[in-house]
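Because the structure is predicted, anything quoted here is derived from the model rather than measured. So that the names make sense, note that chain A is the first sequence line, chain B the second, and so on, each numbered from 1.
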There are 2 protein chains.
Amino acid sequence: MSLHQVARACKALHHTFVDRSSARVTLKDIARLAGVHPATASRALDPARGDMLTPETRDRVRRVAQEAGYQVNSFARSLRKNSSGMVGVVVADVANPFLPPILRGIEQIIRAEQKLLLIAETHDDGSTLLEIIDHFVARRVDAVILSAAHLGDEHAVASLAEKIPVVLAVRSVGSARFPTITHDDVLGGQLAAEHLVSLGHRDLAQLRGPMDVSSFRGREQGFAAVMSTTTALERFVDQSATAPTVEEGRRLAKAILDTPGRHPTAFFAHNDLMAVGALEALRDRGLTCPRDISIVGYNDAPLSNHVNPPLTTVRLPSLELGRRVATLALAVIAGSPTEPTIEKLPPELVIRQSTAAPSHP
Amino acid sequence: MSLHQVARACKALHHTFVDRSSARVTLKDIARLAGVHPATASRALDPARGDMLTPETRDRVRRVAQEAGYQVNSFARSLRKNSSGMVGVVVADVANPFLPPILRGIEQIIRAEQKLLLIAETHDDGSTLLEIIDHFVARRVDAVILSAAHLGDEHAVASLAEKIPVVLAVRSVGSARFPTITHDDVLGGQLAAEHLVSLGHRDLAQLRGPMDVSSFRGREQGFAAVMSTTTALERFVDQSATAPTVEEGRRLAKAILDTPGRHPTAFFAHNDLMAVGALEALRDRGLTCPRDISIVGYNDAPLSNHVNPPLTTVRLPSLELGRRVATLALAVIAGSPTEPTIEKLPPELVIRQSTAAPSHP
DNA sequence: CTGTCTTGTGCAATGCATTGCATCGCGATG
DNA sequence: CATCGCGATGCAATGCATTGCACAAGACAG
């Protein structure tokens, strides 16, 4: 018994257990059963082209297809149409709590369009991004929603955009050469700053997120802009976080608290996780929030209203952003002129208990 | 000028802006450039079949392909191979904080295999599940990782399994007819119960998650099993949550606290979000945790160590689960005999400050 | 030196839906 | 009655990679 034969026998055996033989019904079968030509069957099953046929023919074909449990072979269709019916989404990290609402918004729209979502993570790694882009291009994704862009990625995005429609979400690249929808982070930073200043704080510090990401940079600029128009002092902090995590927030806050002299009376953390890290740093130093230091977070992450103290934060319309970005992607796929617009969705300040007027000793 | 011509003109115009003409290099081109037959080129580019050729031929083809920037047309390949190189993942809700680590684990393994992940959400809705399954079948996903199963879904899963290899993650269906990897929720419930009992609690109540989901049911059983072997009393609570959310946790806790008479001294919430909801309910009633009531959560969700008080909870090896489940899926795809095993990963109790000995007045 | 085996490569069929063009038939019009 | 037109449907090419089989040339044994 040759090796070949053995292999075949195994296969046969396997099939007796799980028959995935998938003696699939093809369009030709339907056509035969309905007594028409495959081409006619194809048209009958295409909602857009169904009215090309006699209603009886069309309905007969549809009925037959229904009964036979026909499903198009999406490979064949894609091969012919050269489009996959999938939309690729690139995110930095699914675990980031601000993503799910965005993904959900995207999903709602995309699913309604009978398309499927392909999700991939870059972990903020440039070469992974390139790899993913390759995959998406190879898979002929109909469009890419990119929410993991760094400021330096313009070139990569441009070369992707040559091949596939691209929509930028949340994070923009340097220039506005691509259709983009982000949160209005400059405004967000302003809201945070104005809130703290209006409480009476005059010595403030930012706990900055990675500065090669447009959204953090926007927050920084908005915050700084307000500072420059008031008598308040923004304490310059040399470092920014390598990642917007609890650990990095703690590290940055510690660095500030370890600086000799008086410390600032308020922090603006570039996201809630970092704010929580700052909270930890305070606790470690025996300080309390907001009595000693007020903290404003960003994102209104789940549970950020349940930490101690509940965080004052900036809430982002993420579901809405997801929906818009998906709608935009769909429009671009449909071939509507790709205006390289950038749309910014306004955030909202949520005041809770991590901010208060500074205590004057 | 006919409508047709206008359309074409528009198209041409559009192309001058964004040339997606994608004059794609096909295998035939490569073959021609390398002076071989397409079949040979195909073999040269297939790592598994590369040694079938003369090294020179193979390398020449590869070089040419490289230089020409050749990429297989995945549709054509899939059509031929009748496999898509994608793995579908079905989850209940991406926003659920315990998912990201699992997804990440899955992604690590799947990406390493050059496959892509297709993610879809059911929102715990049965008909959505069916719809998604249809999509996945139509797209000829290589395997489905299903982590959104309800106990009653056995039939749907069986019919899916006829067409595509299925692996169950996190949640099992009633019987163990499919390869499954879950957390050991019975053990998790036990750990929670034992911890509370050993602290001296004798009057306890569960805040139960949806009982049509195996993982919540496991937690309940593990907890109840310990109760039955001790002198402690499990307060029977009629209701269970319709969804494992903060709101539902609060509702359930309120219902218990509103019952006349003494209240239990400890809650076991079936996940951290519900635990946080219970925390809120306590606060609303002027009670404090753990002085009046101890609470054990489940999942060790992000920030659950930062709520007030930090939650005692059950930590799950989710990343590991994701990795294993993906590995299992890969094995099943590769055709290894589909033993309908169920593997349970042990959780771990994390003691923080939401639990303490009951105060005896 | 012939026969057999091996190894490398070519041939052609295959998978399946889509779509531009051709055709057929029928009713309408001159 | 011949012709034109139009609507419905059939025909066949197309998209591209994969793979079983066949064939050829070279190696080696008898």
Atom CG of B/Asn82 to atom P of C/dC16: distance rounded to whole Å? 7 Å
Check the distance between C/dC16's P and B/Arg139's CZ and give it to me in whole angstrom. 17 Å
Side-chain N or O of B/Thr26 less than 4.0 angstrom from OP1 or OP2 on D/dG15? no
Euclidean distance, atom CG of residue A/Asp46 to atom P of D/dT9 [Å, nearest integer]: 15 Å
Take atom CG of A/Leu53 and atom P of C/dC24, then tell me their distance rounded to the nearest Å. 19 Å
Hey, does the side chain of A/Thr40 reach the backbone of A/Val36 with a donor-acceptor pair shorter than 3.5 angstrom? no
Please confirm whether the shortest side-chain N or O distance from B/Thr57 to OP1 or OP2 of C/dT9 is below 4.0 Å. yes
Tell me what A/Arg43 touches on the nucleic acid: a base, only sugar-phosphate, or nothing, going by heavy atoms under 4.0 Å. base
Is the phosphate of C/dC16 approached by A/Tyr70 (side-chain N or O, under 4.0 Å from OP1 or OP2)? no
Picking from C/dA17, C/dT9, D/dC11, the nucleotide nearest the side-chain atoms of A/Asn73 would be C/dA17
note: A/Glu56, atom CD; D/dT9, atom C1'; distance rounded to Å ~ 14 Å
For the pair B/Arg111 and A/Glu121, find out whether any cationic side-chain nitrogen is under 4.0 Å from an anionic carboxylate oxygen. no
Would you say D/dG10 has OP1 or OP2 under 4.0 Å from some side-chain N or O of A/Thr40? yes
So, does B/Arg80 get its side chain near the phosphate of D/dT19, meaning an N or O under 4.0 Å from OP1 or OP2? no
Do A/Arg43 and A/Asp46 meet the salt-bridge criterion of a basic N to acidic O distance under 4.0 Å? no
If you compare every side-chain N and O of A/Ser42 against the phosphate oxygens of C/dA17 (OP1, OP2), does one of them come in below 4.0 Å? no
Pair A/Glu320 + A/Arg324, salt bridge at N-O below 4.0 Å: yes
Side-chain ion pair, B/Asp124 and B/Arg171, N-O less than 4.0 Å: yes
Just the rounded figure in Å: distance from C1' of D/dC21 to CE of B/Met52. 12 Å
Result for 5'-nearest mapping on DNA chain D, choosing between A/Arg58 and B/Leu27, is A/Arg58
Is the shortest side-chain N to carboxylate O distance from A/Arg58 to A/Asp51 below 4.0 Å? no
If each of B/Ala41 and A/Arg49 is mapped to the nucleotide of DNA chain C with the nearest heavy atom, which maps nearer the 5' terminus, i.e. the 5' end? B/Ala41
When we call it a touch if two heavy atoms are under 4.0 Å apart, what does B/Ser78 touch: a base, just sugar-phosphate, or nothing? nothing
Let me know, please, whether B/Leu79 or B/Pro38 comes out on the 5' side of the other along DNA chain D by nearest nucleotide. B/Leu79
Just how far, in rounded Å, is P of C/dT14 from CZ of B/Arg77? 22 Å
With a 4.0 Å limit, can you tell me whether B/His37 has a side-chain N or O closer than that to the phosphate oxygens OP1/OP2 of C/dT9? no
Between C/dT18 atom P and B/Phe75 atom CZ, what is the distance in whole Å? 13 Å
